[in-house]
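A quick write-up on the structure given underneath.
Just so we're on the same page: letters track the sequence lines, and every chain starts at 1.
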Amino acid sequence: MLANAVPLERAFYERPTEVVAAALIGALLVVEDPVQGTLAGRIVETEAYLDQKDRASHAAPGPTARNIVMFAEPGRSYVYFIYGMYHCLNVVARADRAAGAILIRAVEPLAGLETMAERRSAATRWQDLASGPGKLTRAFGISAAHHDLSFSEPPLRLLAAPDMPGNPVMASPRIGIRHCADWPLRFFESNNPCVSRSMLNRTAHLLHGVPWSPEDTPIVRP
DNA sequence: CAATAGATCATCT
DNA sequence: GATGATCTATTGC
C-alpha cells in the first residue's frame, strides 16, 4: 500500500483550511524513525484552526515566535508542546496568505505497531495506540525536532488516500477548547474505532459538499 | 458508564 | 503568574 501511495502536492494544501482538514481524512501519515524504521497510519480525525477571526487558533493573536509557521508555507509541519507533557502535530494549510493549520487528532495504525505499543504501554488495544493528538505523537515519536518540516520528504510524509472504501466523513465541534466552541471544524471518519474520545453525545453530522466556514455563519459566534 | 485530579512546562501577559 | 488544540488513574454512581 505504501509503495504505490502518492505524496500530496502543494495544490492540495492551498485551499481553505477547513476543506483541507476534511480532505485529509483517509490520507496516510508516514514517519521515518531513525532507529525503528517506518511508522505509518491512516488519518481518521482532524481539526481545522483558522486565522485571526478564530479565537481558538494559535494564530489568533497574530504572528509570534511560536505560531509563525502557521503564516508561512503550506504543506509543512507545526509541532507545539502542550500541558507540559505532550506534543501536537499540525499541517499548515490555507487558501490565502492569512494563517491556518490542521491538528492531526487520530490515526489508524498501519505499520510499526510494535514500536507504537512499546511507547504507548497504557494502551490496552491497538485501536488506541494513536487515538488522540498526544497519543499519536507519542506513538510516532514526534517531538520538537519535527517542527517546521516539509510533509513531502522524510522523515515526514503525507500520502494521498489509497483507493480504498472508507466510511463517510462527519463534522462536529472541536474538542478541548474554550473559544468558538460551536464551530464545526472537527472532522472524522464515522464508525472508526480509532477516533478519539467518544463521538457520541456530541452533535455530529454527515459532511455534504464543502465543510462549513465562518463566512457561512449559521452558528452562534462569541 | 461520568466526573475529576494531577502531572508539568513553553509561551505570552 | 496564568494558561493550555491532553492523557491517565482514580473515584463515585
Side-chain angles (χ1 to χ4, degrees), chain A residues 17-18 20-22 24-25 29 41 43-72 76-94 98-107 109 116-148 170-188 193-204 211-214 219 221-222:
Chain A
T17 308
E18 65 274 13
V20 179
L24 277 174
I25 301 299
L29 171 68
I43 296 174
V44 296
E45 182 181 356
T46 62
E47 277 176 358
Y49 287 88
L50 313 181
D51 56 18
Q52 321 219 354
K53 64 180 171 296
D54 179 5
R55 291 189 63 211
S57 171
H58 285 178
T64 66
R66 176 175 72 162
N67 68 18
I68 188 66
V69 303
M70 286 185 69
F71 296 78
R76 295 179 69 83
S77 63
Y78 168 40
V79 178
Y80 64 88
F81 187 58
I82 190 138
Y83 297 125
M85 215 168 294
Y86 300 102
H87 292 275
C88 287
L89 174 66
N90 293 254
V91 182
V92 176
R94 64 177 180 279
I102 294 140
L103 173 67
I104 310 295
R105 283 195 58 93
V107 307
M116 297 182 191
E118 281 180 18
R119 295 168 171 173
R120 292 264 309 113
S121 54
T124 57
R125 37 171 226 153
W126 70 268
Q127 288 94 335
D128 286 324
L129 290 173
S131 59
K135 298 176 185 176
L136 181 158
T137 53
R138 174 102 59 237
F140 279 75
I142 290 169
S143 68
H146 297 87
H147 176 63
D148 196 19
M170 304 194 75
S172 83
R174 295 172 292 185
I175 290 180
I177 56 171
R178 300 191 316 168
H179 302 296
C180 310
D182 292 333
W183 296 16
L185 293 177
R186 170 178 178 248
F187 305 97
F188 58 92
C194 301
V195 170
S196 76
R197 313 263 190 114
S198 111
M199 62 184 88
L200 309 174
N201 288 342
R202 253 171 210 290
T203 57
W212 173 90
S213 90
I219 307 287
R221 276 188 261 166

Seminar exercise, completed: Base-paired stretches in DNA chain B with three or more consecutive Watson-Crick or G-U pairs, both distances under 3.5 Å, amount to B:1-7 with C:6-12, B:9-12 with C:1-4
Could you tell me how far apart [X] ([atom1]) and [N] ([atom2]) are, to the nearest whole angstrom?
X	N	atom1	atom2	value
Ile175(A)	dC7(C)	CD1	C1'	13 Å
Arg55(A)	dG4(C)	CZ	P	11 Å
Glu45(A)	dT6(C)	CD	P	10 Å
Met70(A)	dA5(C)	CE	C1'	10 Å
Arg138(A)	dC7(C)	CZ	C1'	9 Å
Asn90(A)	dT6(C)	CG	P	11 Å
Glu47(A)	dA5(C)	CD	C1'	6 Å
Tyr49(A)	dG4(C)	OH	P	12 Å

For [Y], does its backbone N or O pair with a side-chain atom of [X] as donor and acceptor, under 3.5 Å?
X	Y	result
Arg186(A)	Glu47(A)	no
Ser77(A)	His146(A)	yes
Asp51(A)	Gly100(A)	no
Arg94(A)	Met70(A)	yes
Arg120(A)	Leu129(A)	yes
Ser57(A)	Leu50(A)	yes

Problem set entry | Contacts of His58(A) that satisfy side chain to side chain donor-acceptor pair (under 3.5 Å) - sequence neighbours left out | Tyr78(A)
Exercise. Can you tell if the side chain of Ile68(A) reaches within under 4.5 Å of the side chain of Pro63(A), non-hydrogen atoms only?
Worked result: yes
Students often get this wrong, so: under 4.0 angstrom with heavy atoms, is [X] touching a base, only sugar-phosphate, or nothing?
X	answer
Ile177(A)	sugar-phosphate
Arg105(A)	sugar-phosphate
Ala122(A)	sugar-phosphate

Exercise. For dG4(C), does either OP1 or OP2 sit under 4.0 Å from a side-chain N or O belonging to Arg178(A)?
Worked result: yes
Problem set entry | Phosphate OP1/OP2 of dT8(C): any Arg120(A) side-chain N/O under 4.0 Å | yes
Exercise. What are the two closest heavy atoms between Thr137(A) and His87(A), and how far apart are they?
Worked result: OG1-O, 2.8 Å
Identify the pairs formed between an N or O of the protein and an N or O of nucleotides 3-10 of chain B at a distance under 3.5 Å, and give each distance.
residue: dT8(B); atom: O2; partner: Tyr83(A); partner atom: O; Å: 2.7

